[in-house]
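Before any comments, here is the structure.
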Number of protein chains: 2
Amino acid sequence: MTEGLGARAPKYHRVADALRREIRDGELAPGQRLPAETTLVERFRMSLPTIRQALGVLRAEGLIESRHGIGTFVKEQRRLQRRSRGRYGSARDHQKLLTHHLRHDIVFAGRGPVPSHIAEVMGIDPGTEVVIRRRHLFDKDTNQPEEIGASYLPVEVAGGTFLEEPTVVPKALFLCVEDLTGRHYTRARDQWIARMPTADESSILELPTGAPVMHVVHVARDEDGDVLEVSESIWPADRVIVIDDYPVEQEAEQPAAASEV
Amino acid sequence: MTEGLGARAPKYHRVADALRREIRDGELAPGQRLPAETTLVERFRMSLPTIRQALGVLRAEGLIESRHGIGTFVKEQRRLQRRSRGRYGSARDHQKLLTHHLRHDIVFAGRGPVPSHIAEVMGIDPGTEVVIRRRHLFDKDTNQPEEIGASYLPVEVAGGTFLEEPTVVPKALFLCVEDLTGRHYTRARDQWIARMPTADESSILELPTGAPVMHVVHVARDEDGDVLEVSESIWPADRVIVIDDYPVEQEAEQPAAASEV
DNA sequence: CAGTGGTCTAGACCACGCG
DNA sequence: GCGTGGTCTAGACCACTGC
């Protein structure tokens, strides 16, 4: 679409545009190193800050990544498939496949005050004591961090059980909860948000500057509507694609007026 | 978490941190204007470029927004609820509610070559001729752009029908297709990606610098597995939250080995 | 050590929105 | 006209990596 910016465009836009085209056309392949900033200064006959500003644009677009002392590289665009509604039922097979590629580090398990954004979906006061399990997930092959996860369980559900211990549980968390309580997971709600990472998330997930995260909050309830568990996952959004397969319901309803979605 | 950076941290980090805390603590409320850059130069006793670098960090985090000639403001964090699997069946009521807040502009309807990322999910060659309907959606109240949308239909499905005309269709698109073809939507697959916007998307959606987009590609097939329709939606990710409500399937399966997701 | 990107400065001029 | 943020420069020094 925007091809060949006019001479009126800011210099750093023209530089970003030229480099973006070289990346898109494969002249600069994924993984390849870009010319050094000083080289780009000579090539485009601009000042270093201007060149750096152009690189900042491409960095924010997720196209390149700079490594201090080494160079600037075209990013590899690999995305790990994640499955929506992937915790339960028939999707278990896929989930199992996925988790076998991942290593779990339990970074915390025990009681603590519930964070406010979780309290909100649980319908309790912020700071109420709950059982919290925090984990970091890494790719077994590359050792790259792939997820920051946490589960929040009401004390009535998980208090006094092995879920307060910092060990990997023997099976899917929801099966443990069902066994321990005799209550059944009946309905779930997922909330998806894409946002910019906090500084902590950025460092744990080793995110390049400007890369967003995908933040999923999962609420599970029993048949009475009581919350059994809230889980949240934070993924590096530039390395994730979420897949959702489902049957189309064949209900005959009155047609909506003018909805083109 | 990161509270009070040491004196070793870069200056622009310290400035960003101070302003971030003021925003989080409400001293700088959403919608409020920040002090002018020159004022911040005096307050923090740093150079203008350093102050601007700090503001760039907050801008990339989605916390502030600068308007040329006016000032820099704390962003309002309003998110429009979007429903996953919201096109069909019982979710129609919610979808109808949503679409009644939105105004549709059909920006194109007719035949054209299929883009490569759509061709891939349709299983056809890039550039094959298909029927394309492109739309922009705006909030009726605020007139703010909320979605860039497009539908791609095989010529066998929509060729020669009113779907090639640039008018709003009388009912949900999938109902039109079912009526016109006698074929039935049976299975669907959604693919979700969060990424940085292109320059075009950024300008159409009026995105502040550094704000990501949510990109959903929806594939619908009939009972034979043939593609009836591919739709894509691009939303400003900083103004969207996706909600997915669903029942938990109660299948008894063999437990997975060590999956804590 | 040399080469890379990261931080920081002082200062200039331009473009925009408003009164 | 004035205050705002946007663009651009020349140059300095630091920090990291690998040889």
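Each chain gets a letter, A, B and so on, in the order its sequence line appears, and its residues count up from 1.
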Measure [atom1]/[X] against [atom2]/[N] and give the value in whole Å, please.
X: B:Arg59; N: D:dG6; atom1: CZ; atom2: C1'; value: 10 Å
X: A:Phe73; N: C:dG5; atom1: CZ; atom2: C1'; value: 11 Å
X: A:Lys11; N: D:dA10; atom1: NZ; atom2: P; value: 8 Å
X: B:Leu40; N: C:dC8; atom1: CG; atom2: C1'; value: 17 Å
X: A:Phe44; N: D:dT9; atom1: CZ; atom2: P; value: 13 Å
X: A:Glu37; N: D:dA12; atom1: CD; atom2: C1'; value: 15 Å
X: A:Leu48; N: D:dC14; atom1: CG; atom2: C1'; value: 14 Å
X: A:Glu42; N: D:dA10; atom1: CD; atom2: P; value: 13 Å

B:Pro49 side-chain proximity, nearest of D:dT7, C:dC8, C:dG11: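 The closest nucleotide is C:dG11.
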
Among D:dT7, D:dT9, C:dC8, the nucleotide that comes nearest once only the side chain of B:Thr50 is considered: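 Comparing D:dT7, D:dT9, C:dC8 against the side chain of B:Thr50, the answer is C:dC8.
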
Distance, nearest 0.5 Å, that separates CD1 of A:Ile234 from CG of A:Leu137: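 A:Ile234 CD1 to A:Leu137 CG: 12.0 Å, rounded to 0.5 Å.
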
Charged N-O contact under 4.0 Å between A:Arg43 and A:Glu22: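 Salt bridge present between A:Arg43 and A:Glu22.
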
Lys/Arg-Asp/Glu bridge criterion (N-O < 4.0 Å) met for B:Arg20, B:Asp17: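 Salt bridge flag = yes for B:Asp17 with B:Arg20.
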
Nearest-nucleotide comparison on DNA chain D, the residue closer to the 5′ end among A:Tyr12 and A:Ile70: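 It is A:Tyr12 whose nearest nucleotide is closer to the 5' end.
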
Over 12 non-hydrogen atoms of neighbours within 6.0 angstrom of CD in B:Gln32: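 Atom CD in B:Gln32 is crowded, with more than 12 foreign heavy atoms closer than 6.0 Å.
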
B:Arg67 vs C:dG17: side-chain N/O to OP1/OP2 distance below 4.0 Å: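 So the side-chain polar atoms of B:Arg67 never come under 4.0 Å of the phosphate oxygens OP1 or OP2 of C:dG17.
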
Short side-chain N/O contact from A:Ser47 to OP1 or OP2 of D:dA10, under 4.0 Å: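 Checking D:dA10 against A:Ser47, no side-chain N or O comes under 4.0 Å of OP1 or OP2.
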
With A:Glu232, the side chain to side chain donor-acceptor pair (under 3.5 Å) member among A:Gln191, A:Arg134, A:His215: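 Between A:Glu232 and the candidates, side chain to side chain donor-acceptor pair (under 3.5 Å) is satisfied uniquely by A:His215.
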
Per-pair stack call A:His68 and D:dA15, 5.5 Å, 30°: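 Aromatic stack with D:dA15 present for A:His68.
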
